[in-house]
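Letters go in sequence order (proteins before strands), and every chain restarts at 1.
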Amino acid sequence: MRTRFAPSPTGPLHFGSVRTALFGWLAARHSGGSFVLRIEDTDQERYIPGSEALIVETLNWLGLEWDEGPEKDGPHDPYVQSLRIELYQEWADQLVQRGAAYWCTCAPARLAAMREEQRRHSQPTRYDRRCLGRQDEVAAERAQGQPAVLRLRMPDGTTEWDDVIRGRVVFDNKDIDDQVLLKSDGFPTYHLAVVVDDHVMDITHVIRSDEWIPSTPKHLAVYQALEWVPPYFAHVPAVLGPDGLKLSKRRGARNVLDYGELGYVPAAIVNAMALLGWSSGTEAEVFTLQELVERFTLDRIHAAPAVFDPRRLDDLNGVHIRRMDTEDLVHALEFHLPGTSLETRRRLVPMLRERMVTLADAKHLAAPLLDGVAPDQADFPPKGVEPAVARAMLDACIDAVAAGMLEHEDDLLERLRETAKQHAAKVGAAFRVLYVAVLGEPSGVPVIQAMAFLGSDRALERLRAARARLG
RNA sequence: GCCCGCAUCGUCUAGCGGUUAGGACAUCACCCUUUCAAGGUGGUAACCGGGGUUCGACUCCCCGUGCGGGUACCA
């Protein structure tokens, strides 16, 4: 199996487009086949410089390596369509010779008026083939330098194919327009370029978003005219935003790379994407990339569009963070805890790990431990705790820490529990005093571990400052 | 307007004629607990509507409805 991801360089990749790439990548890897990355930049107008670099970075970040494509070389180099123009023109000639395509010099204004008229009469809007019947004149016009486009001559009859995800799909060819294949500037349209490249590059399975279903008959017509064996088509459903509309840059769909800065890990993103429209058929839903490769098959993709729920990503992100290898986590945290040493992060990880939804959470979680100054807290002692209990807890803690009990966390914990009980206070509530004293907040990483991290001196400093506030 | 696709809890989904309609997220309750989390247990919550087909429909067919997409010298 050979699959490809063929984005156009019109900006960063969003969740929906990357999911399509993921499906293609997984299908290829699962079958032991190869995955091709191809840049479809046949529209110079929409080209946004830097997009290709973004695409490459995104795929690399998620671990979706391609076997052939930009920065990779391969037997079908180059993998950028704007560099393959002559190839498309050659096949366009073939289509003309075979009577499957014809030149058209109709002006845009005429086409617009024609469609307007058709719409008014409840007719489907298609090219009326005016130029098809006057090819000699058109040839003369072209010779004089008049701009022209090459159109596919859509054959009569019906076009059908067995979509891997949807089953049989049938179109009546009379509803399908004579698609422009070559623009007046000599560039191919998507419709010509994909077909030529997918065939030349031996793509066996075209996995693309379902917005392409209506144009698949056009592509099939080209395959047929050129006597090429068409690939399998798998049209994956769209990913919708919370508004129920298809994700798009226009509507603020987020650049997938942004998720990295927000603290999402690749494993979680890939897992969440896979679950949007695909299911394993078992009740397991947490998978690593490798586990997805083992289980993924195209036929288990659900045909209905899916609404992306960021809460699911959050959950999966926490799960994958908790499962991450410690050293990997220590390294991943570097970005979110700038200025910290490897060693510091190693000591922090046990306290942070189970409390992070995103890696970015490490910042506020670790702040009380990394700041040099003891945090302030207006509401002290915390409500629900008698001042007498607060004093007793702090005194006991100060004595114990001063006596070196931070070396024995379990004993210290036991000592503090007893102190709370002796004062008829709920252990949880009594401890809150300590949290506020040490972390500046009634919640956070485990307070005894936090004190151990800070060291006796700094811990005592904060405890005494809090004690002093109580008088 | 014309064409196409889709339709199970709020969300992602399992289901492929006979099930107490299952799981996950979210949500609620409880347990555990040094706080917060994590974890555990349990609860609330779904087959878009109408016709068929069938002994029997979530499941198959048709029609509606809703949603999505296409309808470009954009992809």
Side-chain angles (χ1 to χ4, degrees), chain A residues 6-10 40-43 45-46 104 106 108 111-112 115 118-126 147-151 163 166 169-172 174-177 179-185 187-191 193-194 208-217 235 237-238 240 242 244-246 272 275-286 300 302-316 318-319 322 352-357 361 365 382 412-413 416-417 420 427-436 439 441-450:
Chain A
S8 45
T10 53
E40 309 226 321
D41 58 345
T42 51
D43 183 10
E45 307 243 318
R46 294 206 315 159
C104 168
C106 287
L111 296 175
R115 291 185 188 112
Q118 292 167 335
R119 187 180 295 257
R120 200 169 21 243
H121 292 284
S122 294
Q123 295 296 312
T125 54
R126 320 173 303 151
V149 299
L150 185 70
R151 285 182 183 277
D163 196 276
R166 295 149 205 282
V169 182
V170 182
F171 277 84
D172 192 330
K174 71 171 165 44
D175 295 322
I176 296 160
D177 208 354
Q179 182 63 44
V180 170
L181 298 177
L182 237 35
K183 308 180 208 178
S184 54
D185 63 2
F187 267 63
T189 58
Y190 170 87
H191 306 283
V194 254
R208 70 205 333 183
S209 132
D210 71 0
E211 66 200 11
W212 294 110
I213 290 177
S215 41
T216 301
H235 287 100
L240 277 22
L245 264 32
K246 190 169 159 263
L275 259 24
L276 269 188
W278 175 86
S279 66
S280 71
T282 69
E283 292 194 343
E285 297 190 340
V286 176
R300 288 206 60 84
H302 191 66
V307 174
F308 170 54
D309 183 356
R311 292 175 301 185
R312 190 69 195 281
L313 209 212
D314 280 347
D315 174 67
L316 253 9
V319 170
R322 271 170 250 131
L352 308 180
R353 177 167 233 139
E354 299 209 320
R355 276 161 260 269
M356 293 187 284
V357 168
D361 289 330
L365 246 19
L412 177 55
L413 169 60
L416 294 171
R417 286 174 57 92
V427 177
F431 265 77
R432 246 187 292 278
V433 177
L434 268 23
Y435 277 85
V436 175
L439 302 176
E441 293 176 62
S443 68
V445 300
V447 74
I448 294 176
Q449 283 183 58

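Spacing between B:G23 and B:C55 at atom P, rounded to whole Å, works out to 34 Å. The P atoms of B:C60 and B:C73 are separated by 39 Å, rounded to the nearest whole Å. To the nearest whole angstrom, the two P atoms, one in B:G49 and one in B:U8, are 11 Å apart. A distance of about 28 Å separates the C1' atoms of B:A14 and B:G51, rounded to the whole Å. Distance noted for atom P between B:G40 and B:C32: 16 Å (whole Å). Nucleotides B:A75 and B:G70 have their P atoms positioned 14 Å apart, rounded to a whole Å. The separation of B:U13 from B:C58, taken at their C1' atoms, amounts to 14 Å, rounded to a whole angstrom. For the P atoms, the distance from B:C61 to B:U44 is 34 Å, rounded to whole Å.
Each of A:Ser279 and A:Val170 was matched to the nucleotide of RNA chain B holding its nearest heavy atom; the match closer to the 5' end belongs to A:Val170.
Under the side-chain hydrogen bond (donor to acceptor under 3.5 Å, both in side chains) criterion, A:Lys183 pairs with no residue at all, not counting sequence neighbours. In this structure A:Arg126 satisfies the salt bridge (Lys or Arg N to Asp or Glu O under 4.0 Å) test with no other residue, sequence neighbours excluded. Judged as a salt bridge (Lys or Arg N to Asp or Glu O under 4.0 Å), and not counting sequence neighbours, A:Arg119 has no contacts. A:Glu354 pairs by the salt bridge (Lys or Arg N to Asp or Glu O under 4.0 Å) definition with nothing, not counting sequence neighbours. Residues satisfying the side-chain hydrogen bond (donor to acceptor under 3.5 Å, both in side chains) criterion with A:Ser122, sequence neighbours excluded, are absent altogether. Judged as a side-chain hydrogen bond (donor to acceptor under 3.5 Å, both in side chains), and not counting sequence neighbours, the contacts of A:Arg311 are A:Asp309. With sequence neighbours excluded, the residues forming a side-chain hydrogen bond (donor to acceptor under 3.5 Å, both in side chains) with A:Thr10 are A:Lys249, listed by chain and number.
The aromatic rings of A:His191 and A:Trp212 lie perpendicular to each other, with more than 60° between the two planes, well past the 30° mark.
Checking B:A38 for Watson-Crick or G-U wobble geometry (two distances, each under 3.5 Å) identifies no partner in any strand. If you check B:A24 for Watson-Crick or wobble pairing at under 3.5 angstrom, you find it paired to B:U11. In this entry B:G68 has B:C4 as its Watson-Crick or G-U wobble partner, both defining distances falling under 3.5 Å. Across all strands shown, B:U19 has no partner, as no Watson-Crick or G-U wobble contact with both distances under 3.5 Å is found. The partner of B:C47 is absent, by the rule that a Watson-Crick or G-U pair needs both atom distances under 3.5 Å. When Watson-Crick and G-U wobble pairs are counted only if both distances are under 3.5 Å, B:C32 pairs with no nucleotide at all.
With A:Arg300 contributing its side chain and A:Ser279 its backbone, the two residues share a donor-acceptor pair below 3.5 Å. Distance alone, capped at 3.5 Å, places no donor-acceptor pair between the A:Asp177 side chain and the A:Gln179 backbone.
Residue-level contact check: A:Gly318 touches neither bases nor backbone, having no heavy atom under 4.0 Å from any strand. No contact: A:Arg208 has no heavy atom under 4.0 Å from any strand.
In this structure, A:Ala450 and A:Val445 approach most closely via the heavy-atom pair CB-CG2, 4.0 Å. Contact between A:Ile448 and A:Phe431 at its shortest, heavy atoms only, is CD1-CE2, 4.5 Å. Considering every non-hydrogen atom in both A:Val169 and A:Asp163, the closest pair reads CG2-CB, 4.0 Å. Nearest heavy atom pair, residue A:Gln118 against residue A:Thr125, reads OE1-CA, 3.1 Å. Scanning all heavy atoms of the two residues, the minimum distance from A:Arg355 to A:Pro446 falls at NH2-CD, 3.3 Å. Here the shortest heavy-atom pairing between A:Ala303 and A:Arg166 reads O-NH1, 3.6 Å.
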Atom pairs under 3.5 Å: protein N/O with N/O of nucleotides 60-65 of chain B:
none

I'd like a list of close polar pairs between nucleotides 41-46 of chain B and the protein, N/O only, cut-off under 3.5 Å.
none

Strictly under 3.5 Å: I want the nitrogen or oxygen pairs between protein and nucleotides 28-30 of chain B, one per line.
none

Notebook entry, point to check: When every nucleotide of nucleotides 31-37 of chain B is labelled 5' to 3' by its protein contacts under 4.0 Å (heavy atoms), B for base, S for sugar-phosphate only, - for none, what sequence of letters results?
Noted result: ---BBBB
Notebook entry, point to check: Nucleotide by nucleotide, 5' to 3', does protein get under 4.0 Å of the base (B), only the sugar-phosphate (S), or neither (-) in nucleotides 67-75 of chain B, counting heavy atoms?
Noted result: -SBSSSBBB
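The CG-P distance, from A:Asp175 to B:G1, rounds to 16 Å in whole Å. In this structure, A:Gln118 places its CD atom 13 Å from C1' of B:C3, rounding to the nearest Å. Atom C1' of nucleotide B:C4 and atom CZ of A:Phe171 are separated by 4 Å, given to the nearest angstrom. Between the CG atom of A:Leu276 and the P atom of B:A24 there is a distance of 18 Å, given to the nearest Å. Rounded to whole angstrom, the span from the CG atom of A:Asp314 across to the P atom of B:A24 amounts to 18 Å. For the pair A:Asp361 CG and B:A38 C1', the computed distance is 14 Å after rounding to whole Å. The distance between atom CG of A:Asp309 and atom P of B:C9, rounded to the nearest whole Å, is 14 Å. Distance NZ (A:Lys174) to C1' (B:C3): 9 Å, rounded to an integer number of Å.
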Item checked: side chain to side chain contact (heavy atoms under 4.5 Å, CB included) between A:Leu316 and A:Val286, intermediate numbers included -> CA-CA 7 Å; A:Leu316 253 9; A:Val286 176; 4.1 Å; yes
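Between the side chains of A:Arg208 and A:Thr216, a donor-acceptor pair is found at a separation under 3.5 Å.
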